[in-house]
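Notes follow once the structure below has been shown.
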Amino acid sequence: MVMKPRDRIDYSAMPDRAPLALPDGKRVAVWVIVNIENWDIEKPMPRTVLPPPGHQVHIPDVPNWSWQEYGMRVGFWRFHEALVSRGIPVTMSVNGSVCVQYPRIAGAARDAGWEFLGHAYHQRPTHLIEDQREDIRRTIDTIRDFTGHAPRGWMGPGLTETFETPDFLAEAGIEYVADFPMDDQPFDIRTEHGTLTSIPYTVELNDIPMMLIQHHKAAEFYDRCMDSFERLDREGEGNARVMAIAVHPYISGTPFRIKYFEKVLDAVSSADGAIMWTGSQVVDWYRSSVASTSRRE
């Protein structure tokens, strides 16, 4: 029987929940996600910065592929310097093929201790993947071979899933997902192979919708992140929250946007109520908290 999201996820109203507490009186767990994608020039581009001439998709789409490639050649290294110099934990959502095609990038992330989050093998919607099980296996194996560790988490390209995806992920040993941007706290997802944990990802503190769809000025990234943190920090005093910040090197890694990402890093990481974590640290804390609550009950 195919389970849909409402079959897998129980509704939970925030005021009805047992409070979650972060270590040392912190109120907001902040995880930074650097999204590294590998675009296939022989296929339509996942997104575009220039509309195609005559509104007809042409392959190869050299200008839009090159826009993304700028992030690999230049933008990523701005991220790397900004995050490593500040000692901020990073979760890198990465297509498995990046480990093969861009070993310089994958190696720099590995050597910096960044967590690798599975993001399919190539950047294309999950619905277009002919064999999901094989794609998941190939992605996990490639990341394990490159880093020495299998990824614990997963995010579909563009947050895409089919109704069967959670079962395939749990079957493959994935522990948490970031495809359900529907809460400020983690929650459990039922599968045929046990429980997955969803941890909060973002479609709002994310440079794709903010810059490419809503067409905001670069400074909006700082304003929106700080407004969000201010509110979550206040609410987290009684019940801890999780905040995700998601960036892409061909967008926020540009010269006219990078300073706002750096300003966010400086402001949030120095805030009294924030703890900077990876996705795995968030899921470990949540599962430990839930287990502790269950024992008390």
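Note that the numbering runs from 1 along the sequence shown for the chain.
When every heavy atom of Thr139 is checked against every heavy atom of Ala120, the shortest pair comes out as OG1-C, 3.1 Å. When every heavy atom of Gly71 is checked against every heavy atom of Pro249, the shortest pair comes out as O-CB, 3.4 Å.
Both Val30 and Phe79 are members of a single hydrophobic cluster when ILVMFWY side chains are connected at heavy-atom separations under 4.5 Å. Neither Ile143 nor Tyr176 shares a network with the other; the hydrophobic side chains, linked directly or stepwise wherever heavy atoms of I, L, V, M, F, W or Y lie under 4.5 Å apart, form separate groups for each. Trp277 and Leu265 are members of different hydrophobic clusters when ILVMFWY side chains are connected at heavy-atom separations under 4.5 Å.
Checked against salt bridge (Lys or Arg N to Asp or Glu O under 4.0 Å), Glu42 has no partners two or more places apart in sequence or in another chain. For His119, there are no ring-ring contact (aromatic ring centres under 6.0 Å, His included) partners, not counting sequence neighbours. Take Glu115 and apply the salt bridge (Lys or Arg N to Asp or Glu O under 4.0 Å) test, not counting sequence neighbours, and it matches no residue. Among residues two or more places apart in sequence or in another chain, the salt bridge (Lys or Arg N to Asp or Glu O under 4.0 Å) test is passed with Arg137 by Glu134, Asp141. Considering only residues two or more places apart in sequence or on other chains, Glu161 meets the salt bridge (Lys or Arg N to Asp or Glu O under 4.0 Å) condition with none of them.
Membership of an apolar cluster is not assigned to Leu128, as no side-chain contact below 4.5 Å to another ILVMFWY residue is traced. Cluster partners of Phe146 are absent, since no Ile, Leu, Val, Met, Phe, Trp or Tyr has side-chain heavy atoms less than 4.5 Å from it. Summarising the hydrophobic clusters (Ile, Leu, Val, Met, Phe, Trp, Tyr; side-chain heavy atoms under 4.5 Å, direct or chained), the residues clustered with Tyr70 are Val74. Other residues sharing a hydrophobic cluster with Phe180 under the 4.5 Å side-chain heavy-atom criterion for ILVMFWY residues are Ile9, Ile136, Ile140, Trp154, Phe168, Leu169, Ile174, Val177, Met182, Phe187, Ile189, Leu196.
Residue pairs meeting the salt bridge (charged side-chain N to carboxylate O under 4.0 Å, His left out) criterion with at least one partner in residues 44-66, sequence neighbours excluded, are Glu37-Arg47. For residues 221-231, the side-chain hydrogen bond (donor to acceptor under 3.5 Å, both in side chains) pairs, not counting sequence neighbours, are Glu204-Arg224, Gln214-Arg224, His216-Arg224, Glu220-Arg224, Arg231-Glu235.
At distances below 3.5 Å, at least one donor-acceptor pair connects side-chain atoms of Thr160 with backbone N or O atoms of Pro157. For Thr48 (side chain) and Asn64 (main-chain N/O), no donor-acceptor pair under 3.5 Å exists by modelled atom type. With Thr278 contributing its side chain and Gln281 its backbone, the two residues share a donor-acceptor pair below 3.5 Å. Counting only distance, with no hydrogens or angles, the side chain of Trp31 and the backbone of Pro200 share a donor-acceptor pair below 3.5 Å.
A salt bridge is defined here as a Lys NZ or Arg NE, NH1 or NH2 lying under 4.0 Å from an Asp or Glu carboxylate O, and Arg78 with Glu262 fails to meet this definition. Between Arg8 and Asp188 there is no salt bridge, since no side-chain N of the basic residue sits under 4.0 Å from a carboxylate O of the acidic one.
Using a 4.5 Å cut-off on side-chain heavy atoms (C-beta onward), Met243 and Cys225 make contact.
The environment of CZ in Arg17 is crowded: more than 12 heavy-atom neighbours from other residues, nucleotides or ligands sit within 6.0 Å.
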Evaluation steps, side chain to side chain donor-acceptor pair (under 3.5 Å), between Gln68 and Asn38: CA-CA 9 Å; Gln68 183 273 155; Asn38 186 13; 5.8 Å; no
Residue pair His80, Trp114: steps toward the side chain to side chain contact (heavy atoms under 4.5 Å, CB included) verdict: CA-CA 10 Å; His80 186 269; Trp114 294 6; 4.2 Å; yes
Test side chain to side chain contact (heavy atoms under 4.5 Å, CB included) applied to Ile33 and Asn35, step by step: CA-CA 6 Å; Ile33 306 96; Asn35 294 277; 3.9 Å; yes
Thr142 and Tyr121: CA distance, side-chain angles, deciding distance, side chain to side chain contact (heavy atoms under 4.5 Å, CB included) verdict: CA-CA 9 Å; Thr142 303; Tyr121 197 75; 3.5 Å; yes
Criterion ring pair (Phe, Tyr, Trp, His ring centres under 6.0 Å) on Phe76 and Tyr250, from CA distance to verdict: CA-CA 8 Å; Phe76 171 84; Tyr250 52 93; over 10 Å; no
Residue pair Arg287, Thr197: steps toward the side chain to side chain donor-acceptor pair (under 3.5 Å) verdict: CA-CA 8 Å; Arg287 289 180 172 178; Thr197 298; 3.0 Å; yes
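The line from CD1 of Ile105 to SG of Cys99 is 10.5 Å long, rounded to the nearest 0.5 Å. Note that CZ of Arg241 is 5.0 Å distant from CG of Asn239, once rounded to the nearest 0.5 Å.
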Can you list, pair by pair, the side-chain donor-acceptor contacts under 3.5 Å of residues 251-258, counting residues two or more places apart and other chains?
| residue | atom | partner | partner atom | Å |
| --- | --- | --- | --- | --- |
| Ser252 | OG | Asp207 | OD2 | 2.7 |
| Thr254 | OG1 | Ile251 | O | 2.8 |
| Arg257 | NH1 | Ile251 | O | 3.1 |

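Side-chain contact, Thr162 with Thr165: a donor N or O sits under 3.5 Å from an acceptor N or O. Checked by atom type, the side-chain pair Gln123/Asn95 shows a donor-acceptor distance below 3.5 Å. Side-chain contact of Thr126 with Gln132: a donor-acceptor pair under 3.5 Å is absent, judged by distance alone.
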